[in-house]
*Asks:* 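I have a structure I would like to understand better, so I am pasting it below and will then ask my questions one at a time.
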Amino acid sequence: MSEVREKVDVCVVGAGHAGCEAALACARLGLETVIFTVSIDSIAMMPCNPNVGGTSKGHLVREIDALGGEMGKNIDKTFIQSKMLNRSKGPAVHSLRAQADKAEYSRAMRKVLENQEHLTIKQAEVCELLTEDYGISVSEGSRKEDRSDSGLAARKITGVKTFTGTIYECKAVILCTGTYLKARCLCGEAITYTGPNGLQPANHLTDSLLSLGVEMRRFKTGTPARMDKRSIDFTKMEEQFGDERIVPFSFSTNPEDVQIDQASCWLTYTNEKTHEIIRANLDRSPIYAGIIEGTGPRYCPSIEDKVVKFADKKRHQVFIEPEGLHTNEMYVGGMSSSLPEDVQLAMYRTVPGLENCKIVRNAYAIEYDCINPRQLYPSLEFKNIKGLFSGGQFNGSSGYEEAAAQGLIAGINAALSILGKEPVILDRSQAYIGVLIDDLVTKENFEPYRMMTSRAEYRLLLRQDNADLRLRRIGHEVGLVSDQLYEATIRKKKAIDQEIERLKNTVIGAARENQEFLTAHGSAALKTGTNLAELMCRPELSYEILSEIDPKRKPFPNDVVEQVEIEIKYEGYIERQLRQVEQYKKMERKRIPPELDYNDVSSLRLEARQKLIAYKPVSVGQASRISGVSPADISVLLVYLEHWKQEGNQ
């Protein structure tokens, strides 16, 4: 039988949110790319919640867009409700969240992929990674990273093989398998060996990974039931509206293009009767019956977990959200479950408004294979398999946004590796994406990871509103952001800086009309002249309010005004964080030679030595964030590195 062989630059395995970003990045950088999916109908599918963004996740989407990714543009085309969360709090935690039309989101992303030059979509299951022995000396250069204690990589990617036997020769592979590897779905005692939404699982690739020495894990996540809209009594629920003025996700979307009539969501609550039914049937839950092997997400627990772990809470929020404009399916947010169908129906029908609900799709838990991400460099390349990258839930994370962010970085770095260029590694002071990846590859993660604003030490600097100012330059240097878009960002930055400077140099005196203005706005009168920037720092005043006594100002777009106000009002806090960042960067700049043998660092504690050997940190900063490595161990390491340097080893 003759063998079918193809030759490409990059193979992307999986077409979820990570795979789409990875494949588009590679193709847009001119590399011949093929993206594999077990079903073309699953491209950019949303198997769980019908939304993009949310607390901290909105930051990720904005950063993806600033770097040249697609998620922000796609949700701007397909959302049905949009809301800025946490408006009552400071700008660091403002987060955009949009309800998606699930079918339209998937359809629109598929259209982008189908029309992308250098990109081919292939419905096939990849079952084997093809590799060859690979050795590279430290001096020959794996750039900022190296591949093992000795500086030698074990294997090098040469291609992939599909279940039908076709071989695709390639220079890099990006694994974005999501929740499909050896997946099984559980609904009480009923177990189906399928991927999400009943799609075909990928049952063969795990064995190939294990044969290459990849450390695998078993995680689980879940999703709630979908209800027939006609069976829900919305009069017993609180209607939830979108914002009056909609803010787009993408910096390149015209704000006027997203001012649409929005769909509503609804809020209701569980009650003690709901909880009684759940408690009485815990023995039938696969989680508590020991049937589920995988570890579930701490920050998105099932309703069973909520009732058990938060026994003092009398009720839990339940959000009823439309799955789209052209379907009656409603998503029951906050009530993920793996309980049997009869228990699900009983518990859902105790919730106000759901007394007569009809379930279209049962809630279920899904188990799947993923990796321990400590096997990855910050570039998302495997340490011991050159040319193998990975992103998304396969890396032990959860969430569409986390997946897309990793997929984009993995795609960029796979392409740059082939092109012989330095990888893009965002650090914790540059982006939420940097925090996400650093947490994954540096810290112990025993459950699906999700992004939260509290994980970002420098979150006042890493706001969603300034993602373009932080990251557009990098996207442009990579080649994913056009000259036109980058020049627009430069003009925006110039306008912000000039307006801040003007406000600082525009002095307002203690004239009667100025005093009357301040009194009218509940602000203290002036005893001497002051500038507009100082006045703006008063909590009761704003850039807009001060326009009454600032007749010479020019009109600016809303995004410029927003930056001016934040930069002035939070100047002291921002400067303090910038000083903290400089201290952080000093540690990041202290590189650890890849050939360093930690067994030679005699004063290191045993646990620290073991962890450092396992993680192979690229800098002292990264080493300091590894669990089990103490400040005293870092001091020992710094002294040793200084002696190493003096002896001419660097």
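The structure presented is a predicted model; accordingly, all values stated were derived computationally and were not measured.
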*Asks:* Please set out all donor-acceptor pairs under 3.5 angstrom arising from side-chain atoms of residues 633-641, sequence neighbours excluded.
*Replies:*
unit_1, atom_1, unit_2, atom_2, d
Asp633, OD1, Arg605, NE, 3.3
Asp633, OD2, Arg605, NE, 3.1
Asp633, OD2, Arg605, NH2, 2.7
Asp633, OD2, Ser630, N, 2.9
Asp633, OD2, Ser630, OG, 2.9
Ser635, OG, Pro631, O, 3.2

*Asks:* Quick one: does Arg625's side chain have a donor or acceptor within less than 3.5 Å of a partner on Gly621's backbone?
*Replies:*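 Answer holds: yes.
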*Asks:* Measuring only between side-chain heavy atoms, which start at C-beta, is Cys48 closer than 4.5 Å to Thr221?
*Replies:*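 No, too far: nothing below the 4.5 Å cut-off.
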*Asks:* Can you see whether Tyr458 has Arg428 sitting over its ring - NZ or CZ less than 6.0 Å from the centre and within 45° of the normal?
*Replies:*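 Not satisfied by the 6.0 Å and 45° rule.
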*Asks:* Salt bridge or not for Asp133 and Lys156, using N-O below 4.0 Å?
*Replies:*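 Result for this pair is no, no salt bridge flagged.
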*Asks:* Find the distance between OH (Tyr180) and CD (Gln200) and round it off to the nearest 0.5 Å.
*Replies:*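 If I round to the nearest 0.5 Å, the distance is 10.0 Å.
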*Asks:* I'd like to know if the side chain of Glu402 reaches the main chain of Met451, judged simply by a donor and an acceptor atom lying under 3.5 Å from each other, with no hydrogens or angles considered.
*Replies:*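 Such a contact is found between Glu402 side chain and Met451 backbone.
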*Asks:* Answer yes or no for Arg472 and Tyr486: cation-pi contact, defined as NZ/CZ to six-membered ring centre under 6.0 Å and angle to ring axis within 45°.
*Replies:*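 No.
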*Asks:* On a heavy-atom basis, which atom in Gly399 and which in Gln393 lie closest, and how many Å separate them?
*Replies:*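 Minimum heavy-atom separation between Gly399 and Gln393: N-OE1, 4.2 Å.
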*Asks:* Apply the side-chain contact (heavy atoms from CB on, under 4.5 Å) test between Cys185 and each candidate in Thr179, Ile191, Thr194; give the one that qualifies.
*Replies:*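 When Thr179, Ile191, Thr194 are each tested with Cys185, the side-chain contact (heavy atoms from CB on, under 4.5 Å) holds only for Thr194.
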*Asks:* How many angstroms lie between atom OH of Tyr168 and atom OG1 of Thr158, to the nearest 0.5 angstrom?
*Replies:*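 Those atoms lie 15.0 Å apart.
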*Asks:* Inspect the contact between Arg107 and Glu114 and indicate whether a charged nitrogen and a carboxylate oxygen are less than 4.0 angstrom apart.
*Replies:*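 Salt bridge flag = no for Arg107 with Glu114.
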*Asks:* Would you say the side chain of Lys220 lies within less than 4.5 Å of the side chain of Leu186, judging by non-hydrogen atoms?
*Replies:*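 A side-chain contact under 4.5 Å is absent here.
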*Asks:* Salt-bridged, Asp41 to Arg110, with N to O below 4.0 Å?
*Replies:*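 Result for this pair is yes, salt bridge flagged.
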*Asks:* Cys170 and Gly159: which non-hydrogen atoms are nearest, and at how many Å?
*Replies:*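 Closest approach of Cys170 to Gly159: SG-CA, 3.6 Å.
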*Asks:* I'd like to know whether NZ of Lys161 has more than 12 heavy-atom contacts from other residues, nucleotides or ligands below 6.0 angstrom.
*Replies:*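 Atom NZ in Lys161 is not crowded, with 12 or fewer foreign heavy atoms closer than 6.0 Å.
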*Asks:* Please give me the minimum heavy-atom distance between Lys611 and Ile626, naming the atom from each residue.
*Replies:*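 Between these two residues, the closest heavy atoms are CB-CG2, 3.9 Å.
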*Asks:* Stepwise, does the side chain to side chain donor-acceptor pair (under 3.5 Å) test hold for Ser417 with Glu381?
*Replies:* CA-CA 10 Å; Ser417 175; Glu381 184 177 15; 4.9 Å; no
*Asks:* Under a 4.0 Å threshold between the charged nitrogen and the carboxylate oxygen, would Arg473 count as salt-bridged to Glu477?
*Replies:*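 Arg473 and Glu477: salt-bridged.
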*Asks:* Measuring from atom CZ of Phe219 to atom CG of Asn445, what distance do you get when rounded to the nearest 0.5 angstrom?
*Replies:*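 Taking CZ in Phe219 and CG in Asn445, the distance rounds to 7.0 Å.
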*Asks:* Would the number of heavy atoms belonging to other residues, nucleotides or ligands and lying under 6.0 Å from CZ of Phe163 be above 12?
*Replies:*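 Atom CZ in Phe163 is not packed in, count stays at 12 or less.
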*Asks:* Taking Asp439 first and then Arg450, would you say they form a salt bridge - that is, a charged N and a carboxylate O separated by under 4.0 Å?
*Replies:*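 Here Asp439 does not pair with Arg450 in a salt bridge, since their nearest N and O are not under 4.0 Å apart.
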*Asks:* Using side-chain contact (heavy atoms from CB on, under 4.5 Å), reason through Val8 and Thr120 one step at a time and then give a plain yes or no.
*Replies:* CA-CA 10 Å; Val8 295; Thr120 301; over 6 Å; no
*Asks:* I need the Cys20 SG to Met45 CE distance, nearest 0.5 Å.
*Replies:*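 One gets 11.5 Å once the value is rounded to the nearest 0.5 Å.
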*Asks:* For Glu582, I'd like to know if atom CD has over 12 heavy atoms of other residues, nucleotides or ligands within 6.0 Å.
*Replies:*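 Counting neighbours around CD of Glu582, more than 12 heavy atoms of other residues, nucleotides or ligands fall under 6.0 Å, so yes.
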*Asks:* Determine whether Tyr432 and Thr453 make a side-chain contact, defined as any pair of heavy atoms from C-beta on separated by less than 4.5 Å.
*Replies:*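 SC-SC contact between Tyr432 and Thr453 confirmed.
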*Asks:* Determine whether Val52 and Glu401 make a side-chain contact, defined as any pair of heavy atoms from C-beta on separated by less than 4.5 Å.
*Replies:*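 In contact.
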*Asks:* Under 3.5 Å, which donor-acceptor pairs do the side chains of residues 23-33 form with other protein atoms, sequence neighbours left out?
*Replies:*
unit_1, atom_1, unit_2, atom_2, d
Arg28, NE, Gln116, OE1, 3.1
Arg28, NH1, Glu70, OE1, 3.1
Arg28, NH2, Glu70, OE1, 2.7
Glu32, OE2, His118, ND1, 2.6
Thr33, OG1, Leu31, O, 2.9

*Asks:* Considering only NZ, NE, NH1 and NH2 on the basic side and carboxylate oxygens on the acidic side, decide whether Asp369 and Arg218 come within less than 4.0 Å.
*Replies:*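 Here Asp369 pairs with Arg218 in a salt bridge, since their nearest N and O are under 4.0 Å apart.
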*Asks:* For Ile75 and Ala100, which heavy atoms make the closest approach, and how far apart are they?
*Replies:*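 The answer is CD1-CB, 3.6 Å.
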*Asks:* Closest approach of Glu63 and Arg470, non-hydrogen atoms and distance?
*Replies:*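 So the two residues come closest at OE2-NH1, 2.9 Å.
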*Asks:* For atom NZ of Lys585, is the number of surrounding heavy atoms from other residues, nucleotides or ligands below 6.0 Å larger than 12?
*Replies:*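 For Lys585, atom NZ is crowded (more than 12 foreign heavy atoms under 6.0 Å).
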*Asks:* State, to 0.1 Å, how close Ala66 and Ala467 come at their nearest heavy-atom pair, and which atoms those are.
*Replies:*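 Answer, listing the atom of Ala66 first, then Ala467: CB-O, 3.4 Å.
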*Asks:* Once rounded to the nearest 0.5 Å, what's the spacing between atom CG of Asn203 and atom CD of Glu125?
*Replies:*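 Answer for the CG-CD pair, Asn203 versus Glu125, is 6.5 Å.
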*Asks:* Measure from the side-chain N and O atoms of Ser106 to the backbone N and O of Ile43, and report whether any donor-acceptor pair falls under 3.5 Å.
*Replies:*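 Looks like yes, one N/O pair under 3.5 Å.
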*Asks:* Output the distance between atom CG (Asn115) and atom NZ (Lys111), rounded to the nearest 0.5 Å.
*Replies:*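 So the CG of Asn115 and the NZ of Lys111 are separated by 7.0 Å.
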*Asks:* Quick check: do Leu175 and Phe389 have side-chain heavy atoms less than 4.5 Å from each other?
*Replies:*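 Side chain of Leu175 against side chain of Phe389, heavy atoms only: no contact under 4.5 Å found.
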